[in-house]
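These notes are about the structure you will find just below.
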Amino acid sequence: MANLKDLTVDGFVQITSSEEPAPGGGSVSALAGALAAALAEMVARLTVGRERYAAAEEEMQQVLREAGAIKEELVAAIHKDSSSFEQYMAALALPKNTEEEKAARREAMQEGLKAAAQVPLGVARSAARILPLAQAAVARGNGNAVTDALVAAMMARTAVLGALFNVKINLSSIRDEAFVQELSREAAALEQAALEGEQAILRSTEIGASCCR
């Protein structure tokens, strides 16, 4: 499969709508997060260097740096998420003629599922880091771009929750209870932070609050 991040917008949309199993919800979640970071970065760029927003200059410079770095993480994750399941698929193809082969195949499948859970968890972690940046952009960024910052918050929340769907479905087939509990706890914390963070940001402005009633 060609690297998904190198596709055109239309090419990505078309392959997503095809019978191909990837890209799916995980890659789309990573893309949503990358777009969220890009919007936060854009608002910061529209703010820095403007006399009216001099008090927020240092903060917006920080938003620029952090949002740019997260954007690159998530762009890379667009393809990484789709390829993360390949380890599990390779395990399925292992021989299962003897008891030893069956045991090795089961172990390889479990390791593949762990990898397939860890990649979207990384996407959720990265996307969750966008919310404070979006909040800063809404509160102290260029007022003419406040709706862009609000969309950044909404897209970040979607990216977190979408990625966590993939985490949860893979955890449901993993037998390592300690591993499942550890990732489940982190997933629950990320989910709560995303939901509460988005709502706090939307309610902080009149235009955002109007969609939360």
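Computation of the quantities below employed the complete heavy-atom set of this structure, encompassing side-chain atoms and omitting hydrogens, waters and symmetry-equivalent molecules.
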Do [X] side-chain atoms and [Y] backbone N/O form a donor-acceptor pair below 3.5 Å?
X: Gln110; Y: Arg175; result: yes
X: Ser27; Y: Gly24; result: no
X: Asn166; Y: Pro120; result: no
X: Ser172; Y: Ile169; result: yes
X: Glu57; Y: Gly49; result: yes
X: Ser18; Y: Ile15; result: yes
X: Glu41; Y: Ala36; result: no

Please say yes or no: joined through hydrophobic side-chain contacts below 4.5 Å, possibly via intermediate residues, are [X] and [Y] part of one cluster?
X: Phe165; Y: Val28; value: no
X: Val119; Y: Leu113; value: no
X: Tyr53; Y: Val146; value: no
X: Leu121; Y: Val160; value: yes
X: Ile130; Y: Val43; value: no

**Message:** Under the rule for side-chain contact (heavy atoms from CB on, under 4.5 Å), what residues qualify as partners of Glu196, not counting sequence neighbours?
**Reply:** Gln192
Which atoms form the tightest heavy-atom contact between [X] and [Y], and what is the distance?
X: Val151; Y: Leu39; value: CG1-CD1, 3.6 Å
X: Ala149; Y: Val138; value: CB-CG2, 3.4 Å
X: Ala156; Y: Ala127; value: CB-O, 3.8 Å
X: Leu46; Y: Ala145; value: CD1-CB, 4.0 Å
X: Ala134; Y: Ala152; value: CB-CB, 4.2 Å
X: Ala91; Y: Arg105; value: O-CG, 3.4 Å

**Asked** Which pairs count as salt bridge (Lys or Arg N to Asp or Glu O under 4.0 Å) when at least one residue sits in residues 123-139, sequence neighbours excluded?
**Response** Glu73-Arg129, Arg125-Glu186
Close side-chain approach of [X] and [Y], heavy atoms under 4.5 Å:
X: Ile78; Y: Phe12; value: yes
X: Arg45; Y: Met60; value: no
X: Tyr88; Y: Lys114; value: no
X: Leu92; Y: Met109; value: yes
X: Leu94; Y: Glu101; value: no
X: Leu31; Y: Val75; value: no
X: Leu35; Y: Leu74; value: no
X: Leu133; Y: Ile70; value: yes

Report the distance from atom [atom1] of [X] to atom [atom2] of [Y], rounding to the nearest 0.5 Å.
X: Phe179; Y: Gln118; atom1: CZ; atom2: CD; answer: 4.0 Å
X: Leu171; Y: Glu182; atom1: CG; atom2: CD; answer: 10.5 Å
X: Asn144; Y: Thr147; atom1: CG; atom2: OG1; answer: 9.5 Å
X: Arg203; Y: Gln199; atom1: CZ; atom2: CD; answer: 4.5 Å
X: Thr47; Y: Gln61; atom1: OG1; atom2: CD; answer: 10.0 Å
X: Asp176; Y: Glu111; atom1: CG; atom2: CD; answer: 8.5 Å

**Asked** Got more than 12 heavy atoms from elsewhere within 6.0 Å of NZ, Lys80?
**Response** no
**Asked** Any luck finding a side-chain donor-acceptor pair between Glu66 and Gln62 under 3.5 Å?
**Response** yes
**Item:** Check ion pair Glu191-Lys168 (N to O, under 4.0 angstrom)
**Value:** yes
